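Here the structure comes first, spelled out in structure tokens, and everything after it is commentary.
Just so it is clear: chains get the letters A, B, ... in the order the sequence lines come, proteins before strands, and each one is counted from 1. All values derive from a computational prediction rather than experimental measurement.
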Amino acid sequence: MSVRVFVPRDTTALSLGADAVAARLEREARARGLALTLVRNGSRGAAWLEPLVEVETANGRLAFGPVIAEDIPGLLDAGLLDGDLLAGDTGHPLALGPTEALPWFARQQRLTFARIGLTDPLSIADYLAHDGYRGLETALTRTPQELVEEVKASGLRGRGGAAFPTGIKWQTVLDTPADQKYIVCNADEGDSGTFADRLAMECDPYLLIEGMTIAGLAVGATQGYIYLRSEYPLAKTILDAAIAHAEAAGYLGDDIRGSGHAFHLEVRLGAGAYICGEETSLLESLEGKRGLVRFKPPLPAIEGLFGRPTVVNNVLSLAAVPFILAEGAQAYADVGMGRSRGTLALQLAGNVKRGGLVELAFGASLRTLMEEFGGGTASGRPLRAVQVGGPLCAYLPESQWDLPLDYEAFAEVGAGVGHGGVVMFDDSVDMAEQARFSMEFCKTESCGKCTPCRIGSTRGVEVIDRIRAGENRAANLALLGELCETMEDGSLCAMGGMTPFPVRSALTHFPDDFRRPVEGD
Amino acid sequence: MSDSREWTPQAIQAEIDALKHKPGALLPILHALQDRFGFIPEAAVPLIADSLGQTRAEVHGVIGFYHHFRTAPPGRHVVQICRAEACQAMGARPLEAHAKASLGIDYHQTTVDREVTLEAVYCLGNCACGPAVRVDDRVLGRVDAERFDALIDELQTRPLEVIA
């Protein structure tokens, strides 16, 4: 029997040469007369080991990585398919032993991402063989109210960053009568340092489809849209194919699995506007308009897409739902801390030695994450600052690295968990430059509807430039403080309202950087 | 560039007609036009407006709002450099300076030989392996100056035409 070999096909693995690895492997094996079945699986999320090649054995999968095409002949010489390496000999420099025994994986608590990397993302048979669609099977035996109760009882809160209880949002949509309701998945994952949505969509697309279908059953919606950012072309290809397969297999369409319930799904592409990750701006964009933020109320749950009741949930909120239905709300609620229940998908990014997706129960400390999983910086220089939660969240200095990862604990110090992105910077970072970038980014991405955000961000860049140039430093620092206050209090949404968070954190924790002479002085 | 990328009013109208029945059809139509022609020709604006029952100003406003849509033809390849924080932490700033200097262009410009259009992008979702660069639909990781130069060389190397 031929050996099954897995070479991932997600964006990160491909960006590091996975296609070349796969091609070389097939060519070399053929030349040597070795039998091999190549599976293009999803990534397991260990970006630092990509391309991570795995070989299936009677005792589970063995991992090799990071592999480049040029490593293939040597690996085959050493018995990748037929010899010592298969017997678990870890003498080869790329041999890592059984994949799941690697501490980086073994210490994680994967509920939502239990399946990524194990399967061929487009195979429904693989999905079913790994507990897929068990949540939907359960959901089809329940009433809408029972489904909403289950999600409420799980304690699931919106994973996009706002942390609003998902079940309460669903209840509002369920309770609002309408001829048409919608499920909208916010897949406009624009925060730098985040890629968990992308991994879920590229590596386990049926999970999102299943979660959205359950949401449709729960609130009485028959149409769903995945609003996907245009920066994710591979996710688009994979989702489109998965939706077509799911329709053909009766998991989407007019009569889901013979239940008489309908649910249709379509992927819509964004067009490079960060603001469209804000839910009302996203809805405007889906309607074919400029992505201008709407006033709230009315809430989207009451008047959302095309004025109809709409659930707008992040990819990871919807992707948590199949587990909750399959295993029960209690199993999800049993992990976590305080009011943050379940797991958080953390994404170790930036200047990190062992970056990737780390799914953990809420409550782990940032330091544990960055040191035990991240292994410190990629550059080997001392870690200086970390931005958790995306471009609208604070930079944290070392004194805050012992904070537990919990929505409330972070909020108490003016920081945010956001979408779980953790961007690490070594000591070469200039925090005044980072503060300037925060304002510049807001200036580039502001929708322009409200003045504090549109004008404030432009003035913010200017005033930070003056501070860095040493012009009236004290007066300009005071002015920047006032500007931040105006933006926080007067902006319509989080774009202008939270841009001051990274700016203020840089000022508070790294004041010396604002006194440095800039280049050219 | 193949002939099918040359726009005609008929070709534009065909793309519009294939999508105009969809709810919120404007963005799907604009994507279809840009995918096919490389940009959104000015002549498309009145055709879209008439087909969707919207004003030209509305269509124009939408095209202008989104960074992704362009109204002039790009070079043979579009190269996007990620400017966001995770890539900054790995040296995206020196990389963008190098790219601009070596190509002799700024963002939103095209080299004189029409080979490369350079664009900024804010996050490609490859944040654990930065700096990230996207070339057309291909994302690359850990791109330093040397790898960037190799990439540009590769883009500019065209296969020789074999004349039978």
Side-chain angles (χ1 to χ4, degrees), chain A residues 11-12 14-16 47-48 50 189-195 197-198 229-235 266 268-274 276 285-292 305-306 347-352 355-357 378-379 387 390-391 421 423-426 429 433-434 437 441 444-445 447, chain B residues 19-20 22-32 34-35 40 48 52 54 58-70 80 82-93 119-143:
Chain A
T11 293
T12 293
L14 294 179
S15 82
L16 299 170
W48 59 291
E50 295 293 357
E189 185 175 49
D191 290 353
S192 175
T194 63
F195 44 83
D197 293 353
R198 178 183 64 69
R229 62 200 303 258
S230 57
E231 291 84 348
Y232 285 180
L234 181 61
E266 186 182 335
R268 286 288 178 91
L269 276 187
Y274 177 77
C276 290
S285 184
L286 263 182
E287 291 181 7
K289 303 171 189 163
R290 292 183 292 156
L292 295 186
L305 186 62
F306 303 112
Q347 299 126 83
L348 276 172
N351 198 329
V352 58
L357 175 91
S379 61
Q387 188 176 33
V423 179
M424 293 160 57
F425 291 80
D426 72 13
V429 68
E433 192 171 27
Q434 295 310 118
F437 177 78
F441 182 67
T444 306
E445 297 296 331
C447 83
Chain B
L19 294 166
K20 67 180 182 190
K22 282 180 179 280
L26 184 49
L27 261 71
I29 288 171
L30 295 175
H31 274 294
Q34 184 155 309
D35 285 350
I40 302 185
I48 297 169
L52 297 184
Q54 291 185 305
E58 282 170 327
V59 176
H60 219 78
V62 170
I63 295 170
F65 182 86
Y66 295 95
H67 302 306
H68 179 81
F69 297 127
R70 63 175 83 82
Q80 294 181 312
C82 178
R83 294 196 69 212
E85 290 89 339
C87 287
Q88 290 167 6
M90 289 302 287
R93 286 191 182 96
E119 299 283 358
V121 67
Y122 296 92
C123 199
L124 294 166
N126 199 24
C127 318
C129 301
V133 167
R134 176 174 168 182
V135 182
D136 304 323
D137 269 353
R138 187 160 56 116
V139 175
L140 301 167
R142 298 194 191 115
V143 182

Fill in the blank from the handout: Hits for salt bridge (Lys or Arg N to Asp or Glu O under 4.0 Å) against R268(A), two or more places apart or cross-chain, chain-then-number order -> E266(A)

Handout entry: Counterpart residues, ring pair (Phe, Tyr, Trp, His ring centres under 6.0 Å), relative to Y122(B) (two or more places apart)
Key = F441(A)

Completion exercise
Applying a strict 4.5 Å limit to non-hydrogen atoms, the region of S230(A) in contact with chain B is both

Fill in the blank from the handout: When every non-hydrogen atom of A271(A) is compared with those of L27(B), the smallest separation belongs to CB-CD2, 4.5 Å

Problem - Engaged part of V62(B) at the chain A interface, taking heavy atoms whose separation is under 4.5 Å - result: both

Exercise for the section: Using the test salt bridge (Lys or Arg N to Asp or Glu O under 4.0 Å), find all partners of E119(B) that sit at least two apart in sequence or belong to another chain. Expected result: none

Practice task
Below 4.5 Å from any heavy atom of chain A, which atoms of P23(B) appear? Answer side chain, backbone, both or neither.
Solution key: both

Handout entry: Engaged part of R83(B) at the chain A interface, taking heavy atoms whose separation is under 4.5 Å
Key = both

Problem - Among V352(A), L292(A), T444(A), L286(A), residue most engaged with chain B (heavy-atom pairs, under 4.5 Å) - result: T444(A)

Practice task
Please round to the nearest 0.5 Å and tell me the distance separating atom OG1 of T12(A) and atom CZ of R142(B).
Solution key: 9.0 Å

Practice task
Could you tell me whether the side chain of S192(A) and the main chain of A86(B) form a donor-acceptor pair under 3.5 Å?
Solution key: yes

Exercise for the section: Look at Q34(B), E58(B), M90(B), R93(B) and state which one has the largest set of heavy-atom pairs under 4.5 Å with chain A. Expected result: R93(B)

Exercise for the section: Output the residues of residues 124-132 of chain B for which the shortest heavy-atom distance to chain A is under 4.5 Å, in residue-number order; output 'none' if no such residue exists. Expected result: L124(B), G125(B), N126(B), C127(B), A128(B), C129(B)

Problem - H68(B) side-chain N/O to A273(A) backbone N/O, donor-acceptor pair under 3.5 Å - result: no

Practice task
Could you tell me whether the side chain of Y274(A) reaches within less than 4.5 Å of the side chain of C123(B), counting heavy atoms only?
Solution key: no

Handout entry: Where E85(B) and P391(A) come nearest, the two heavy atoms and their spacing
Key = OE2-CB, 3.3 Å

Handout entry: Leading residue by heavy atom contact count with chain B [cutoff under 4.5 Å; candidates Q347(A), E287(A), E189(A)]
Key = E287(A)

Exercise for the section: Count the heavy-atom pairs under 4.5 Å between each of G421(A), G190(A), G291(A) and chain B, then report the option with the highest count. Expected result: G291(A)

Problem - Contacting region of D191(A) [heavy-atom separation from chain B under 4.5 Å] - result: backbone

Practice task
Pick one of side chain, backbone, both or neither for C447(A), based on which atoms fall under 4.5 Å of a heavy atom in chain B.
Solution key: both

Problem - Pairs of heavy atoms under 4.5 Å with chain B: top-ranked of G270(A), P233(A), A378(A) - result: P233(A)

Fill in the blank from the handout: Counting heavy-atom pairs under 4.5 angstrom with chain B, the leader among G356(A), G350(A), S379(A) is G350(A)

Problem - Exceeds 12 heavy-atom contacts within 6.0 angstrom, atom NE2 of H67(B) - result: yes

Problem - Atom pair CZ/CG of R138(B) and L234(A) - distance to nearest 0.5 Å - result: 13.5 Å

Completion exercise
Note: vs chain B, highest number of non-hydrogen pairs under 4.5 angstrom among C276(A), S285(A), G390(A), A235(A) is S285(A)

